[in-house]
Amino acid sequence: MGKVFVTRRIPEVGIQRLMAEHQVEVWQGQDPPSREILLERVGGCTGILSMLSDKIDAQVMDSAGGGLKGVANFAVGYNNIDVQAAKVRGVQVGNTPGVLTNATADIAVGLILAAGRCFGPAIHNVQRMQWRNWEPMMFLGQEFEGKTLGILGMGRIGYAVAKRMHGGWGMRILYSARNPKNDAQENFNAQRVELDELLQQSDVVSIHCPVTVETRNLIGQRELALMKPNAILVNTARGEVIDQQALSQALEEGKLFAAGLDVTTPEPIDENDPLRLRDNCLILPHIGSATDQARNQMASMAAENLLAAIAGKPMPFGVSMT
Ligand code: DGY
């Protein structure tokens, strides 16, 4: 029997699966465990089930000790884990791909519509009892039928957003990605273009790439200046892909119509970040995968990953360690 530390409460299905074979401690705090607590609680663990908010680096792995076999992230993104440090220590790393694709794509579509149709200020208007009359000139938004959607990163989630917006709104799809995506080309007539062209031509830009050395601050002042003044920028991937200060300035100066963010840097967003209270920036607290269905499946997958690693088998949903 091994020892497993689960850094937050997750759906029971995952916990029960782990408890059937191992001694499991689940952190019950409302907030993530502090660094100090994390380092202490992983001591002697064979497995760690982590969240995207936990930095799992060499120090954490070394605090676990030589018996650590696997780190299973409760997320598809795993930029919080030092995969190289895991590799040299013979620790497997796993994630939860596929099961949150639809949930996250739905949130991206929701943000496109909500940012484009001024849901944020319109909802505040009602909540503050400022709704006086039917107004012919208030909260005028954008329509999407036949316009152009630029997908930055045509992986599973980018594809699912393209499918929704092409099928439902007849949007023309452009995408930028390292490799051509034949299924998107065949099914939505999607056209692969360079990033600058995508930004210049798109009415909506939706970000779906992981955060890497190449994509950190990929959308900065220069890139925002290339976008159409009526464009909408949506990010459901990782906050670090956008230079938030540059976005704030672009929105302030009317260089974009609106932004819709499910992710920010840091998370939660800084209280004093000017984006937080902007009318034309709709921000959600990273709820892309927040459906019962997705979270239950994520819990099962993360548990299966750890069980396999502790048993000395390859994780069924292991990440590439090259
Ligand atoms: C992920 O899985 O990476 C999402 O950001 C959270 O579910």
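Worth knowing before you read on, the calculation uses all heavy atoms, side chains too, and leaves out hydrogens, waters and symmetry mates. In each ligand, atom 1 is the first atom listed, and ligand 1 is the first ligand listed.
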Extract all donor-acceptor atom pairs below 3.5 Å that involve side chains of residues 281-292 and protein atoms in other chains or at least two apart in sequence.
| from | atom 1 | to | atom 2 | distance (Å) |
| --- | --- | --- | --- | --- |
| His286 | ND1 | Glu267 | OE1 | 2.8 |
| His286 | ND1 | Glu267 | OE2 | 3.2 |
| Ser289 | OG | Arg295 | NE | 3.0 |
| Ser289 | OG | Arg295 | NH2 | 2.9 |
| Thr291 | OG1 | Ala294 | N | 3.0 |

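Contact shell of ligand 1 (protein heavy atoms, cutoff 4.0 Å): Leu52, Ala75, Val76, Gly77, Leu100, Arg238, His286, Ser289, Met298.
Its side chain within the 4.5 Å cluster rule, Met138 clusters with Phe139 among the Ile, Leu, Val, Met, Phe, Trp and Tyr residues.
Among pairs with a residue in residues 195-217, those fulfilling salt bridge (Lys or Arg N to Asp or Glu O under 4.0 Å) read Asp196-Arg222, Asp203-Lys228, at least two apart in sequence or across chains.
Between Arg35 and Asp57 there is a salt bridge, since at least one side-chain N of the basic residue sits less than 4.0 Å from a carboxylate O of the acidic one.
Between the side chains of Arg164 and Asn102, at least one donor-acceptor pair of N or O atoms lies under 3.5 Å.
Heavy-atom contacts from other residues, nucleotides or ligands closer than 6.0 Å to CD of Glu143 number 12 or fewer.
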